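Basis for what follows: all heavy atoms, side chains included, without hydrogens, waters or symmetry-related copies. Note on naming: letters A, B, ... go to the chains in the order of the sequence lines (proteins, then strands), and numbering restarts at 1 for each one. Note that this is a predicted model, so its numbers are computed, not measured.
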Protein chains: 2
Amino acid sequence: MSDIIKSVDRALDILLYISHIGRPVGASHLSRVMGMHKSTVFRTLITLENKQFLVQDQNTGKYSLGVSVFSMSRKIKLYDIFGPYIKALGRSFKETINVSVLEEPYDGIYRSTIVAKEENNDHALSVNPEIGSSMNCYCSGVGKCLLAFSKNMMPELFNNYNYEKHTDNTIVTSEDLVSELDRIRKRGYALDNEEQELGLTCVAVPIFDSDGWAMAAISFSGPTARICKQDINVLVENLKQVSTEISKTL
Amino acid sequence: MSDIIKSVDRALDILLYISHIGRPVGASHLSRVMGMHKSTVFRTLITLENKQFLVQDQNTGKYSLGVSVFSMSRKIKLYDIFGPYIKALGRSFKETINVSVLEEPYDGIYRSTIVAKEENNDHALSVNPEIGSSMNCYCSGVGKCLLAFSKNMMPELFNNYNYEKHTDNTIVTSEDLVSELDRIRKRGYALDNEEQELGLTCVAVPIFDSDGWAMAAISFSGPTARICKQDINVLVENLKQVSTEISKTL
DNA sequence: GATATTGTTCGATAATATAGAATCTTATTA
DNA sequence: TAATAAGATTCTATATTATCGAACAATATC
């Protein structure tokens, strides 16, 4: 902890703070909130602005996230980000793990995209979706989890699903989906109880952003027999631990 | 320039470099490329990793962009980023300016979204599209500009447009679109020569990423009479100046 | 199995980030 | 419109601390 470069650490705090509060802020405000001297804040702001991590509004003098952040965001490889965490999980438990994010709804349909996965090759039976593949949210663990915990959700759109009854457990009405999402929010995790495919069970938890909304979801999935032999609560606790580890500094 | 905090500046350089080269890199490599001492690089990496701006792959020891960058990217307000630049342009020229980005193709259709605009209220006649509105690329200046300079373009998808002939000048075949894009690449800017609406002219240039691909496009648009009275080359030069200003540090 | 490369640790010194006050600029209130 | 408050910006001295250099440990390479 003592090897950390103080000035850099403070600069990163400022970036995260500006990102978190979501509106332009000035030096004095930051000085108060961060407990740093105004002139130190200012020098840091100058440095961040110079490399375009911040832009200053000429009228108000306040700072927002800059084009460098936008540029970086376009080059992010989500697998690199989530890979290390799920690899660790994969070593402990021998199940398939995947991380998904919610897509912008298109044609009024909410879908999720898989951005990272850790396959389980120890068993013949396992699920292996492709990275980048997208699917409807109503019938998967990560999908429902994202619907339950994401910002700006529009439940009206649930009516746009062309619900397909894959199994007896598949949710096929908006009303059932809404109440299932309530249940998920209450208990803090989602369960795909053979809703997509017979014999396939999945448990998913959200990965929270600094404002408490889901930015992704992470799950164990595998044959019902194997998943249920493990204590679901243990799986959930482990997923939650990784989830909070991921969002710890945001 | 002397007010810049050296350690912070170097940390930002490292972030931009890792983002730019697009694959995980290690301390020694960075030390060589950035001309910094290995242990200084290392301490910087530790600091960036601690706040999750970087993640380290446990197997290789190399670093990638971390979850904090992902988190920030979700909170970016593109208007805050591009607003300051186009405001300055708006003060000089009295025309409508807008900035657009290319959407992920959906249903095989390339569309652009307006992320920032500066309206021109000095004249009764002007164009005022909404921020957030999306439109087909084949019949607008920024749209064609994005098609011409973006990475990973799939020209096959041009066949999916349901071309509508808005005016005599509208492009209505993939072949014509492809050759128009060639022309645009050669001369470095795009022109909407009353292709979308009679009497409406638009000149657009790309905003380049660190790898030379367009991450956005910026344009002047207005009544043909007014736009053409100004020297197109002057407009283009001014747009290009802002464009390079925006991408200068990436 | 030997060698080179790379990730990581540590301590001394000189560079430089910080704090504090002071100035200039914009917004608020009387 | 004047007076006042709040905020942005500049400057400098000092003590903190980032940097360098070298050495170690752990991998990868040949």
Side-chain angles (χ1 to χ4, degrees), chain A residues 1-18 21-66 80 83-84 87-88 91, chain B residues 1-18 21-66 80 83-84 87-88 91:
Chain A
M1 196 65 101
S2 60
D3 307 34
I4 281 167
I5 300 172
K6 194 175 167 187
S7 53
V8 174
D9 197 54
R10 287 169 146 187
L12 301 181
D13 279 337
I14 288 178
L15 276 177
L16 287 174
Y17 180 81
I18 292 179
I21 92 165
R23 59 184 161 76
V25 292
S28 298
H29 177 118
L30 285 167
S31 160
R32 251 176 280 119
V33 173
M34 319 243 77
M36 300 164 59
H37 277 249
K38 210 163 52 156
S39 74
T40 306
V41 169
F42 186 73
R43 222 149 95 77
T44 308
L45 290 174
I46 292 288
T47 308
L48 289 166
E49 191 199 8
N50 178 59
K51 282 274 149 63
Q52 309 204 82
F53 280 71
L54 297 177
V55 245
Q56 186 178 33
D57 184 355
Q58 288 305 326
N59 297 323
T60 64
K62 295 189 194 305
Y63 297 83
S64 316
L65 295 182
D80 286 337
K87 254 180 208 156
R91 272 190 293 268
Chain B
M1 196 66 101
S2 60
D3 309 31
I4 282 168
I5 301 173
K6 194 175 167 188
S7 53
V8 174
D9 197 54
R10 287 169 146 188
L12 301 180
D13 278 337
I14 287 177
L15 275 177
L16 288 174
Y17 180 80
I18 292 179
I21 94 165
R23 59 184 161 77
V25 292
S28 297
H29 176 118
L30 285 166
S31 161
R32 250 176 281 122
V33 173
M34 319 244 77
M36 300 164 58
H37 277 248
K38 208 163 54 155
S39 76
T40 305
V41 169
F42 186 73
R43 222 149 94 78
T44 309
L45 291 174
I46 291 288
T47 307
L48 289 166
E49 192 199 8
N50 179 58
K51 282 274 148 62
Q52 309 202 78
F53 280 71
L54 297 178
V55 244
Q56 186 179 34
D57 184 353
Q58 288 306 323
N59 297 323
T60 64
K62 296 190 193 306
Y63 296 83
S64 316
L65 294 182
D80 286 337
K87 254 179 208 155
R91 272 191 293 268

For residues 6-16 of chain B, which residues have at least one heavy atom under 4.0 Å from DNA chain D? B/Ser7, B/Arg10
Give me the residues of residues 27-39 of chain B where at least one heavy atom lies under 4.0 Å from an atom of DNA chain D, by number, or none. B/His37, B/Ser39
Compare side-chain N and O positions of A/Gln56 against OP1 and OP2 of D/dT9 and report whether any pair is under 4.0 Å apart. yes
Does OP1 or OP2 of D/dG7 have a side-chain N or O of A/Tyr63 closer than 4.0 Å? no
Rounded to the nearest Å, what distance is computed from the [atom1] atom of residue [X] to the [atom2] atom of nucleotide [N]?
X       : N      : atom1 : atom2 : answer
B/Phe42 : D/dG21 : CZ    : C1'   : 16 Å
A/Ile46 : C/dT18 : CD1   : C1'   : 16 Å
A/Leu45 : C/dT18 : CG    : P     : 12 Å
A/Asp57 : D/dG7  : CG    : P     : 16 Å
A/Lys62 : C/dT26 : NZ    : P     : 14 Å
B/Asp3  : D/dA8  : CG    : C1'   : 14 Å
B/Arg43 : C/dG11 : CZ    : P     : 13 Å
B/Ile4  : C/dT16 : CD1   : P     : 13 Å

Looking at [atom1] of [X] and [atom2] of [Y], how far apart are the two atoms once the value is rounded to the nearest 0.5 Å?
X       : Y       : atom1 : atom2 : result
B/Asp3  : A/Ile46 : CG    : CD1   : 6.5 Å
B/Phe53 : A/Leu16 : CZ    : CG    : 4.0 Å
A/Ile18 : A/Leu54 : CD1   : CG    : 4.5 Å

Looking only at heavy atoms, which two atoms of [X] and [Y] are closest? And how far apart?
X       : Y       : answer
B/Ile5  : A/Thr47 : N-OG1, 3.0 Å
B/Val8  : A/Ala11 : CG1-CB, 3.7 Å
B/Asp9  : A/Lys51 : OD1-NZ, 2.9 Å
B/Ile21 : B/Val25 : CD1-CG1, 3.1 Å

Identify, between A/Gly61 and B/Thr40, the residue whose nearest nucleotide on DNA chain D lies closer to the 5' end. A/Gly61
Flag, side chain of [X] to backbone of [Y], donor-acceptor distance under 3.5 Å:
X       : Y       : answer
A/Gln56 : A/Gly61 : yes
B/Thr44 : B/Thr40 : yes
B/Ser31 : B/Met36 : yes

Flag for A/His29-A/Tyr63: side-chain donor and acceptor within less than 3.5 Å: no
So which protein nitrogen or oxygen atoms get under 3.5 Å of nucleotides 27-30 of chain D's nitrogens or oxygens?
none

